[in-house]
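Okay, structure first, notes after.
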Amino acid sequence: SQTIHQWPATLVQPVGSPLSLECTVEGTSNPNLYWYRQAAGRGLQLLFYSVGIGQISSEVPQNLSASRPQDRQFILSSKKLLLSDSGFYLCASSGHSNTEAFFGQGTRLTVV
Amino acid sequence: AQSVSQHNHHVILSEAASLELGCNYSYGGTVNLFWYVQYPGQHLQLLLKYFSGDPLVKGIKGFEAEFIKSKFSFNLRKPSVQWSDTAEYFCAVNGDFGNEKLTFGTGTRLTIIP
């Protein structure tokens with residue numbers, strides 16, 4: 001099975017500062033990669049979705065961006081954080097066609 | 001666009017009670033359906049999945065779900081819950097190759113009273 005490494009586990013950043021959250025995947029190649037934000041009562045909101053290197057789909061307009069510089073590396077970024085960017089961010093990976101997704105442990109981001 | 005609805009936001013049951021959590025989806029093609037569970041302080045784990053074949057799917061820890069295509073539903077069931085089933089449960093859907101974006105419902109928080 002796949003292992004998803006996500007770091008850091010917690011992060012406190014001031015408003016206006018940049019952000020970089022990294023996710024790497026082991027145990028598979030050419031996965032689908034996802035960034036989700038989890039909020040209480042709102043489930044998992046899909047932010048970005050990638051089917052391959054350099055291929056990113058943005059699901060909701062926001063202050064964040066994503067990049068996939070390598071096959072098993074997915075980065076969530078922001079140039080200037082907003083208070084509303086606070087939340088719990090999850091990285092996930094799945095194979096292509098009829099496979100389940102595996103999740104990282106998540107990053108709790110607090111923008112102050 | 002695909003979507004998932006979980007109408008039960010918070011369910012409270014006593015131990016040994018039967019459980020059914022609702023999940024309805026909207027998707028125009030062949031679907032894959034999932035139930036994930038998140039125990040307190042832990043990451044999301046797969047409970048069970050449906051890709052094809054028998055619409056009654058059995059998962060871990062005594063859970064099962066039934067895919068009813070005519071109702072666009074994939075409800076989760078367990079005949080007798082335990083205190084350790086206290087967790088948040090998420091239904092999810094995606095499609096076949098080329099339509100693999102995984103979309104989740106808003107989740108159902110399940111609290112089991114001893």
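Each chain gets a letter, A, B and so on, in the order its sequence line appears, and its residues count up from 1. Quantities reported herein were computed from a predicted structural model and do not represent experimental measurements.
- Using a 4.5 Å cut-off between side-chain heavy atoms of Ile, Leu, Val, Met, Phe, Trp and Tyr, with links allowed through other members, A:L76 and A:L83 fall into the same hydrophobic cluster.
- Taken together through direct or relayed side-chain contacts under 4.5 Å among Ile, Leu, Val, Met, Phe, Trp and Tyr, B:L19 and B:Y36 form parts of separate hydrophobic clusters.
- Using a 4.5 Å cut-off between side-chain heavy atoms of Ile, Leu, Val, Met, Phe, Trp and Tyr, with links allowed through other members, A:L21 and A:Y49 fall into different hydrophobic clusters.
- B:F74 and B:F72 fall within the same hydrophobic cluster, defined by Ile, Leu, Val, Met, Phe, Trp and Tyr side-chain heavy atoms under 4.5 Å apart, directly or through other members.
- A distance of 7.0 Å separates CD of B:Q38 from CG of A:L90, quoted to the nearest 0.5 Å.
- Here B:Q45 contributes atom CD and A:E100 contributes atom CD; the two are 11.0 Å apart, rounded to the nearest 0.5 Å.
- Cluster membership for B:W35 and B:F51, using ILVMFWY side-chain heavy atoms within less than 4.5 angstrom, is not shared.
- Centroid-to-centroid, the aromatic rings of B:F104 and A:F103 come within less than 6.0 Å.
- For the atom pair CD (A:Q105) and CD (B:Q42), the distance works out to 8.5 Å, reported to the nearest 0.5 Å.
- Annotation: side chain of A:Y36 is in contact with side chain of B:L102 (closest heavy-atom distance under 4.5 Å).
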Evaluation steps, side chain to side chain contact (heavy atoms under 4.5 Å, CB included), between B:L44 and A:F102: CA-CA 8 Å; B:L44 279 156; A:F102 296 86; over 6 Å; no
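- Note that CG of B:N32 is 10.0 Å distant from OG of A:S94, once rounded to the nearest 0.5 Å.
- If you measure heavy-atom distances from A:Q38 to chain B, the contacts under 4.5 Å come from the side chain alone.
- Heavy atoms closer than 4.5 Å to chain B are found nowhere in A:I4, neither backbone nor side chain.
- Only the side chain of A:L46 comes within contact range of chain B, with at least one heavy atom under 4.5 Å from a heavy atom of that chain.
- At most 12 non-hydrogen atoms from other residues, nucleotides or ligands lie less than 6.0 angstrom from CH2 of B:W83.
- Highest contact tally toward chain A, considering only B:H43, B:Q6, B:E88, is held by B:H43 [criterion: heavy-atom pairs under 4.5 Å].
- Closest approach of A:T99 to B:F34, counting heavy atoms only: O-CZ, 3.6 Å.
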